[in-house]
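In this chain, numbering begins with 1 at the start of the sequence shown. Basis for what follows: all heavy atoms, side chains included, without hydrogens, waters or symmetry-related copies.
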Amino acid sequence: MLIVKKFGGTSVANKERIFNVARRCIEDYQKGNDVVVVLSAMGKYTDELIAKAEDINPKPPKREMDMLFTIGEQMSVSLMAMAMESLGVRAVSLNAFQVAMHTTSTYGNARLKRIDSERIRHELDDRKIVIVTGFQGVNKFDDYTTLGRGGSDTTAVALAAALHADACEIYTDVDGVFTADPRLVKNARKLDEITYDEMLDLATLGAGVLHNRSVEMAKKYGVQLVVRSSLNNSEGTVVKEDVKVERMLISGVALDRDADRIAVMGLKDEPGIAFKLFDCLAKKNINVDVILQSIGRHNTKDISFTVSDKDVDDAMAVIEANKARLNFEDVQCSKDVAKLSIVGAGMMSNPGVAAKMFECLFNEDININMISTSEIRVTVLINEKDAERAINAVHDAFGLSE
Ligand code: ASP
Ligand code: MG
């Protein structure tokens with residue numbers, strides 16, 4: 001078997017944990033498997049690099065940030081190879097250049113395009129454990145790029161797809177995918193299985209486990225994933241196309257505190273206004289999420305939407321800069337909002353799921369600012385101060401607790 005195993009920052013945070021990971025990989029290797037290991041930077045090292053950079057230049061060039069970021073993952077993989085060698089097993093570390101992981105050009109948010117598998121194959125044939133840097137890639141200018149925070153998961157899935165791996169295991173510091181973030185909801189329960197679509201929504205909505213693009217890619221290439229703990233031997237959660245067990249109405253509840261709301265008021269109620277507004281944001285690469293447009297009155301309307309915290313200042317600046325063209329009366333931004341979502345494939349065939357969520361929030365006297373839905377998801381925007389109470393109440397209302 002060819003197994004791809006990915007370990008996150010906490011799993012390689014110190015010497016003891018590095019050896020723990022090394023032993024787990026060696027176990028598989030000694031059973032005769034080919035083992036490819038993908039690592040993140042140790043602990044909070046990526047955050048430390050950001051702090052170092054911003055201390056020198058508050059707005060560091062993105063190219064230089066990526067150049068800096070790559071040392072984090074490079075440190076983990078080389079130390080891991082040393083650990084394995086010291087345990088008597090042959091191992092080799094490779095960075096994105098050495099493998100050749102080709103990405104799009106965008107620094108800080110590149111997408112993997114193609115992975116050359118030749119070097120890895122060659123090293124595996126030589127009976128080495130191959131340890132690859134997560135998160136990083138190389139663009140057409142031969143510069144380093146990175147895949148966005150948490151991007152090592154995507155590296156692992158992409159490698160599993162490129163190598164036609166038999167298994168892709170994502171190791172983390174929790175036991176798997178939970179019905180809600182166990183740090184926020186004490187009664188959260190581990191799921192045995194979840195579909196790609198549900199996982200994609202949960203990942204995008206801030207469940208904190210798995211990079212959303214990794215799930216997108218797993219679905220696209222049919223890579224079955226297992227999310228499990230690096231600290232114990234429990235089974236974890238399988239992410240795949242279809243789940244065996246009868247579906248619960250809801251699989252999970254996610255909270256995203258990073259969401260901020262922007263309201264543009266007094267726009268002309270005529271064709272092309274929404275296009276102009278969102279086009280100028282898109283041109284600045286700003287992702288917009290929940291959108292709400294009011295009914296037109298006296299020939300004007302309001303449009304509000306959410307953006308992530310990291311983009312909100314840029315978004316406000318773009319809108320202000322286009323004031324003449326967009327021709328609105330006022331623009332406001334509120335940062336103390338949070339997005340609460342329920343996700344479940346079961347809601348496709350069951351009416352009343354949204355109503356149940358709204359009733360639960362009403363019972364808690366929590367006001368809803370915006371609502372958006374998809375086939376398998378209901379999202380509400382609420383005040384951040386209510387967020388923790390809301391997620392617990394909704395989790396209970398849908399019977400997700402143990
Ligand atoms: N080290 C990177 C980060 O902290 C990538 C990853 O951990 O997946 O975002
Ligand atoms: Mg992660």
Side-chain angles (χ1 to χ4, degrees), residues 4-26 35-56 60 64-87 91 93-96 101 108-109 129-137 144-157 159 169-178 181-184 203 206-214 226-234 236 257-258 309-310:
V4 174
K5 299 166 92 73
K6 180 260 168 180
F7 295 86
T10 41
S11 304
V12 291
N14 54 40
K15 177 178 168 186
E16 193 193 324
R17 296 223 174 138
I18 288 178
F19 274 100
N20 167 52
V21 168
R23 283 195 197 90
R24 286 192 87 134
C25 298
I26 289 172
V35 179
V36 176
V37 186
V38 176
L39 299 182
S40 295
M42 292 169 70
K44 298 248 168 280
Y45 197 69
T46 304
D47 292 323
E48 285 165 32
L49 291 175
I50 293 175
K52 276 198 173 50
E54 288 179 349
D55 185 36
I56 301 264
E64 302 308 329
M65 272 321 288
D66 282 356
M67 189 70 183
L68 182 65
F69 278 146
T70 50
I71 68 173
E73 271 64 19
Q74 210 155 303
M75 182 196 291
S76 313
V77 295
S78 49
L79 292 176
M80 184 61 69
M82 294 176 200
M84 289 177 179
E85 292 277 343
S86 82
L87 295 170
S93 65
L94 299 173
N95 69 13
M101 304 230 219
N109 195 23
I129 296 183
V130 181
I131 310 156
V132 181
T133 49
F135 184 44
Q136 55 181 254
Y144 278 119
T145 54
T146 58
L147 309 179
R149 296 303 306 270
S152 299
D153 296 336
T154 303
T155 308
V157 175
L159 272 173
E169 303 166 350
I170 310 286
Y171 288 83
T172 171
D173 52 348
V174 291
D175 283 355
V177 181
F178 280 71
D181 185 338
R183 284 164 300 188
L184 296 174
V209 44
L210 286 183
H211 192 228
N212 62 349
R213 272 210 234 126
S214 71
V226 183
V227 180
R228 54 189 299 193
S229 168
S230 64
L231 307 171
N232 61 44
N233 272 317
S234 70
R257 297 176 197 262
D258 263 357
D309 211 33
K310 71 171 176 29

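Annotation for Leu87 and Ala22: closest pair CD1-CB, 4.0 Å, computed over non-hydrogen atoms. Across all non-hydrogen atoms, the minimal contact from His211 to Leu147 is CE1-O, 3.6 Å. The heavy-atom pair separating Ala96 from Thr133 by the smallest distance is N-OG1, 3.3 Å. Closest non-hydrogen pair, Ser40 versus Ser76, comes out as O-OG, 2.7 Å. Taking every heavy atom of both residues into account, Val12 and Met80 meet most closely at CG1-CE, 3.9 Å. Residue Asp66 comes nearest to Thr145 through the heavy atom pair OD2-CA, 3.3 Å, listed as atom of the first residue, atom of the second, then distance.
Side-chain contact check for Arg149 versus Asp47: some heavy-atom pair is nearer than 4.5 Å. Between Met65 and Leu49 the shortest side-chain heavy-atom distance does not fall below 4.5 Å. You'll find the side chain of Leu79 reaches within 4.5 Å of the side chain of Met82, heavy atoms only. The shortest distance between side-chain heavy atoms of Tyr171 and Leu231 does not fall below 4.5 Å.
In this structure, Ser152 OG and Leu39 CG are separated by 8.0 Å, a value rounded to the nearest 0.5 Å. Rounded to the nearest 0.5 Å, atoms CD1 (Ile26) and CZ (Phe19) are 9.0 Å apart. In this structure, CG in Leu94 is found 10.5 Å from CD in Gln74, a value given to the nearest 0.5 Å. With values rounded to the nearest 0.5 angstrom, Ile131 atom CD1 is found 12.5 Å from Lys5 atom NZ.
Between the side chain of Arg228 and the main chain of Glu169, no donor-acceptor pair closer than 3.5 Å is present. Of the possible polar contacts, one joining the Arg17 side chain to the Thr10 backbone as a donor-acceptor pair under 3.5 Å is found. Using a distance-only test at 3.5 Å, with no hydrogens or angles considered, a donor-acceptor pair links the side chain of Thr154 to the main chain of Ser214. No side-chain donor-acceptor contact under 3.5 Å links Glu54 to the backbone of Pro60. At distances below 3.5 Å, at least one donor-acceptor pair connects side-chain atoms of Glu73 with backbone N or O atoms of Ala41. Asp175 places no side-chain N or O within donor-acceptor distance of the main-chain N or O of Ser229, the cut-off being under 3.5 Å. In terms of modelled atom types and a separation under 3.5 Å, the side chain of Asp153 and the main chain of Ile170 share no donor-acceptor contact. The main-chain N or O of Phe135 is found under 3.5 Å from a side-chain atom of Thr155 such that the two form a donor-acceptor pair.
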So Thr70 and Asn95, side-chain contact (heavy atoms from CB on, under 4.5 Å) or not? Walk me through it. CA-CA 8 Å; Thr70 50; Asn95 69 13; over 6 Å; no
Quick one: do Asn233 and Arg24 satisfy side-chain contact (heavy atoms from CB on, under 4.5 Å)? Show the steps, please. CA-CA 10 Å; Asn233 272 317; Arg24 286 192 87 134; 3.0 Å; yes
